[in-house]
Amino acid sequence: MTALLSRTGARVERLPLSRFTTLGVGGEAEVWFAETHEQLREAMEQPYRILGGGSNLVIADEGVPERVIRLSGALAERDLTPDPHLSEDPWVVTGWVGGGVPLPGLIRQLQKLGLSGLEGTVGIPAQVGGAVWMNAGTRYGEMFDGLHTLEIVTPEGTRQVTPDDLNWGYRDSGIPRNHIVTRVRLKLRRAAPEEVLAKMDFADQARKGQPKMKTPGCAFKNPGGVSAGKLIDEAGLKGSRVGNALIAPEHANFIVNLGGATAADVHALLGLIRDRVPVPMELEYELWPAPGNA
């Protein structure tokens with residue numbers, strides 16, 4: 001399909017969603033590239049989904065019927081200049097960082113500027129908006145460690161909130177599903193770039209045993225502080241394969257795409273894990289569409 005322009009100038013194109021996910025599966029949908037708040041509001045006039053970095057996501061082979069929104073243009077720009085009215089040594093409050101900004105590049109830039117607070121999110125393949133929406137992180141830190149203000153667009157309008165306004169917690173921002181994080185201000189501490197880099201390297205060590213192939217990330221949340229990967233391994237499932245989807249030999253809480261895997265392959269492995277692991281575990285992946293809403 002040739003790209004079209006909406007009435008506000010947004011680029012609209014029917015595309016395979018597999019190209020936007022870290023797993024590399026997913027059928028087609030109408031994709032809106034929203035560069036401004038005006039374009040975003042137009043895209044939200046019909047049923048929609050927001051797609052960021054595409055991690056922690058399994059999209060059906062049939063795609064989804066809703067519009068899929070990608071933040072770009074002005075909504076993917078960053079201003080890391082300290083705000084003189086809000087910053088007070090050693091704390092720095094930045095300008096606005098767009099929800100469409102890739103998180104890995106942002107973390108590298110913060111390190112070079114000597115700004116500390118988000119090192120624990122190193123290596124997470126997300127965009128800022130999605131990472132904030134799910135409060136992405138590792139055992140060494142999470143997105144809400146470095147947030148000052150969030151701009152959220154809802155079907156009713158745009159509002160700004162602080163972390164104190166939200167009931168956030170582990171892998172949860174408290175932001176409703178139909179709300180979009182368009183921009184954030186960061187609150188970070190000044191530090192030597194070498195100190196920030198050392199913290200990043202330390203946090204990154206925890207990822208050394210993770211698979212390097214296409215994967216959405218961890219499949220299940222750790223139940224009650226117990227390692228989900230350990231439970232899956234103890235059930236004898238490490239290395240199990242359906243089609244071209246595999247429970248990774250390196251870490252049993254990861255499902256990888258060997259090349260040409262389908263969403264159906266991944267769902268079959270998730271079902272196998274749930275059947276064989278005796279402890280109920282909550283899925284970390286988001287499924288499009290959700291079960292029962294196909």
Check Val128, Val92, Val93, Leu110 against Leu186 for a side-chain contact (heavy atoms from CB on, under 4.5 Å) and give me the one that passes.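 Result for side-chain contact (heavy atoms from CB on, under 4.5 Å) with Leu186: Leu110.
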Is there a donor-acceptor pair closer than 3.5 Å between any side-chain N or O of [X] and the backbone N or O of [Y]?
| X | Y | answer |
| --- | --- | --- |
| Asn257 | Met213 | no |
| Glu195 | Ala191 | no |
| Asp145 | Glu142 | yes |
| Arg241 | Gly243 | yes |
| Ser240 | Ile247 | no |
| Thr149 | Val184 | no |
| Asp172 | Gly169 | no |

Are a donor atom and an acceptor atom from the side chains of Thr162 and Asp164 found within less than 3.5 Å of each other?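 Absent: no donor and acceptor within the cut-off.
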If you measure only the distance, is there a donor-acceptor pair under 3.5 Å linking the side chains of Arg78 and Gln109? yes
Is a salt bridge present between [X] and [Y], judged by a nitrogen-to-oxygen distance below 4.0 Å?
| X | Y | result |
| --- | --- | --- |
| Arg7 | Glu45 | yes |
| Glu286 | Arg177 | yes |
| Lys221 | Glu284 | no |

Parallel, tilted or perpendicular: ring planes of Phe202 versus Tyr140, cut at 30 and 60 degrees: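 Judged by the thresholds at 30° and 60°, the geometry between Phe202 and Tyr140 is perpendicular.
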Lys/Arg cation over aromatic Phe33: Arg11, 6.0 Å, 45° cone: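 Checked: cation-pi criterion met.
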Minimum side-chain heavy-atom gap [X]-[Y] below 4.5 Å:
| X | Y | result |
| --- | --- | --- |
| Arg190 | Asp89 | yes |
| Arg70 | Val31 | yes |
| Phe20 | Ile59 | no |
| Glu42 | His37 | no |

Knowing that exactly one of Glu77, Glu151, Gln160 qualifies, which makes a side-chain hydrogen bond (donor to acceptor under 3.5 Å, both in side chains) with Arg183?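 Result: among Glu77, Glu151, Gln160, Glu151 is the only option passing the side-chain hydrogen bond (donor to acceptor under 3.5 Å, both in side chains) with Arg183.
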